[in-house]
Amino acid sequence: MKIGRLPALVRTTTFRLALLHASIFVLFSAALLAYLYSETAVHLNRQANAELTAEFRQLNEAYRGGLDRLAQSVRERSEARGKFFYLLLDPDKRRIEGGLDMLPAAPPPLGQVFDVRFNYNARSIGGELTRRSAEGRISRLPDCVLMVAYDRGDIGEMNRRITDVVWRSAAVGFVLSLIGGVVISRSAARRAEQLAKTTEDVMGGDLSRRAPVFGSGDEFDRLSEQLNAMLAKLERLVISSRSAGDSIAHDLRSPLTRLRNRLEAGLQDTNSEGPRTALARSIDDVDGVLGTFNAILRLSRVQAGASGSFKRTNVSDITDELAELYQPVCEERHLKFNYIHQDDLFVLADKDLIAQAMANLVDNAVKYTPEGGSVQIEAKRGANGDIDLVVTDDGPGIPPEDRERVVERFVRLEESRSAPGSGLGLALVAAVAEAHSGKLILSDAGGPPERPGLAATLALHAA
Amino acid sequence: MRVIVIEDDADAAAFVKRVLSEAGHSVDVCGDGESGLNKARTGEYDAMVVDRMLPGIDGLKLMKSYRDGGGRAPALFLSALGEVDHRVEGLQAGGDDYLAKPYAPSELVARVEALGRRATGDIPTTRLVVGGLEMDLLARTVTRDGQKIDLQPREFRLLEFLMRHAGQVVTRTMLLEKVWDYHFDPQTNVIDVHVSRLRGKIDKDFERPLLHTVRGAGYRLEA
């Protein structure tokens, strides 16, 4: 790990949590080991004390048989080389019996007993002198002083070892937890860094960048997925607005050029149609351009999101009115008109938007169906509980490969370039469908291959 | 008609003034809301044309104060915000009609003249008469020269609107808004077809036509 990176690492939340975790771990294990240590030490001391008391009792019993009896017993015990060692002194502190040279402390008053802890030199098997710790009990008897002691070396050793273990495991535990924390922190930091890098690249203009998803389903994966979904939507919007801008420029260039030519021709006296007609036609051209702008604005508003004007609406009322509005137009153009509807088709909808979308579909059907053909409006409950508003014609239809494209802004199929229209009609229908969480589905109407017709279905959720 | 135009954009105001003056109306222009409101309150005007976005006091507030103060002159809102929501706001504030920019001059004239007519015709009528054409609004019958004419409900409403605005130009958009309550432009000539059907019923067997097409503007019913 480079030194320069350390502060950044220490700043990360995960690292701080790891540090906290390590500290708590060490604290707990230290407490646990301390408890173990004290229990063990207390137990060992108590046991040694009990043995010392038993030894003393036995010697006291021997003393009832007189000082000689006691001296004999002390001698025998010393020679047995047990756990204890002894010292028996006369009142003048001269040694009568026992393995020790002298008392480590002044003897207590007559009839009293006291415990003493002291150090002494012992000769090990190898002959070296070592300083050892011992605990002894001294008793003043009427004609002698008795001390029984035992070596505390084993107990001290045990205590030292336990203390050692406690410290070492605390240190090792702390280091291990810290390392674990660093590892976790680094992996988390790396994920966060990848996300930061992705957003940085996106801000730098590369909208196709995506955050890595590892499939682990953890928080970072979920965050990445959300971020990616957002980026995908952003990218779509940017591309569509970019291409819409291009299309607007492209689509408006020809009427504006036409307008310019007409105005120029109007200026010249040689013009056959005369200035008034030229002006009148120019106004028509301008109206066409303005109409396109209005359609763009309306489309943007619908796409920007549904307003709060959605109400429970019976869409068969809307289709009733539309049928009534369009039937005469169809008849005038020698199209057979058919209206089929079920009653009470309730949908949560903006009535104006639905009416406009349906009007666009019917307009298209009327425009593209040749004389003698037929146009049908149908309002019904669909297969999966949806409400389907279907406009069907038996015109040229839309080839399957173009169906996705035609709902984009300004896309007009070559065959329809000559017909009036802005290329925004179906885009608006699709936007209205989306605003209602519904769908616009384009399909063949089932006519012969050379003239399959078009069935445009506005599928909405029933309410 | 005497019309007051309250519009801060000088070019737009000049355009409105010219269009309405050419149609034979006397027009005063006011550049801001405050003085516009004061002028309108003099009661000298038959109709108001108010821009929605004004410096100082905006069009909606102006309209509310004007109505709260008892002003009764009908008003047409002009706005670049041609959406239904805004239209509804305008009407709720006390406006009588709403016209989104950009608009055709003929549309503006037609709508302002329609406003003036509404103001004078406050008394509820049960009978409309234009030449030999008579409409009984209660019995819902129509006769021409005493001859009964059968109309569909929508045709009846269409004719009623035309008769209420007899002698004035009504545009296709006005018909779509007032008779059908649609606020968008169909790509096909739906309104023309309906009007020509109506014409077939009221004019066909008669020597003098009543329903005239005004080129580039709309229709006019006139004896």
Side-chain angles (χ1 to χ4, degrees), chain A residues 276 279-281 283-284 286-291 293-295 297-298 300-302 304 307-309 318 320-333 335 350-369 375 419-425 428 432, chain B residues 15 19 79-89 91-92 98-108 151-159 171-173 175-201 214-218:
Chain A
R276 281 197 70 83
L279 281 177
R281 290 197 176 182
I283 287 173
D284 288 345
V286 173
D287 284 347
V289 173
L290 288 176
F293 274 120
N294 276 336
L297 287 176
R298 198 169 297 138
S300 306
R301 292 230 175 81
V302 174
S307 53
S309 56
I318 301 177
D320 283 354
E321 283 188 19
L322 277 168
E324 188 233 80
L325 182 65
Y326 277 93
Q327 184 173 14
V329 182
C330 292
E331 283 168 5
E332 195 207 43
R333 298 191 180 200
L335 299 169
D350 181 320
K351 178 178 174 285
D352 284 331
L353 288 182
I354 298 290
Q356 185 169 2
M358 287 301 287
N360 282 7
L361 291 178
V362 182
D363 273 335
N364 274 351
V366 170
K367 263 193 307 197
Y368 295 119
T369 306
V375 170
S422 58
L424 290 165
L428 186 85
V432 168
Chain B
F15 177 74
V19 166
S79 169
L81 317 162
E83 281 298 296
V84 176
D85 291 354
H86 298 128
R87 194 191 320 269
V88 171
E89 275 174 22
L91 300 186
Q92 279 169 348
Y98 199 103
L99 185 56
K101 297 175 186 175
Y103 49 83
S106 53
E107 189 78 39
L108 176 68
L151 294 178
Q152 302 289 325
R154 185 74 64 177
E155 290 166 338
F156 188 90
R157 283 177 61 185
L158 179 58
L159 182 60
T171 65
R172 291 173 180 82
T173 321
L175 290 176
L176 198 65
E177 284 180 14
K178 313 292 177 189
V179 180
W180 276 272
D181 195 27
Y182 284 150
H183 300 278
F184 54 87
D185 294 323
Q187 296 291 307
T188 44
N189 58 336
V190 276
I191 298 301
D192 294 336
V193 175
H194 280 273
V195 172
S196 86
R197 287 205 158 191
L198 178 64
R199 177 181 280 143
K201 289 190 177 177
V214 183
R215 207 169 165 271

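Because the structure is a prediction, the values reported are computed rather than measured. To find a chain, count down the sequence lines: A is the first, B the second, and so on, and within it residues start at 1.
- If you take CZ on B/Phe184 and CG on A/Leu353, they are separated by 10.0 Å, rounding to the nearest 0.5 Å.
- Only one option out of A/Asn360, A/Asp363, A/Val362, A/Val329 pairs with B/Pro186 in a side chain to side chain contact (heavy atoms under 4.5 Å, CB included); it is A/Asp363.
- In this structure, the portions of A/Leu322 lying under 4.5 Å from any heavy atom of chain B include both its backbone and its side chain.
- The contact between A/Glu331 and chain B is made entirely by side chain atoms (from C-beta outward), counting heavy-atom distances below 4.5 Å.
- Between A/Tyr326 and B/Thr188, the closest heavy-atom pair is CE2-OG1, 3.4 Å.
- Put simply, of A/Ala355, A/Ala359, A/Cys330, the one with the most heavy-atom pairs under 4.5 Å next to chain B is A/Ala355.
- Distance check, rounded to the nearest 0.5 Å: NE2 of B/His194 to CD of A/Glu332 gives 10.5 Å.
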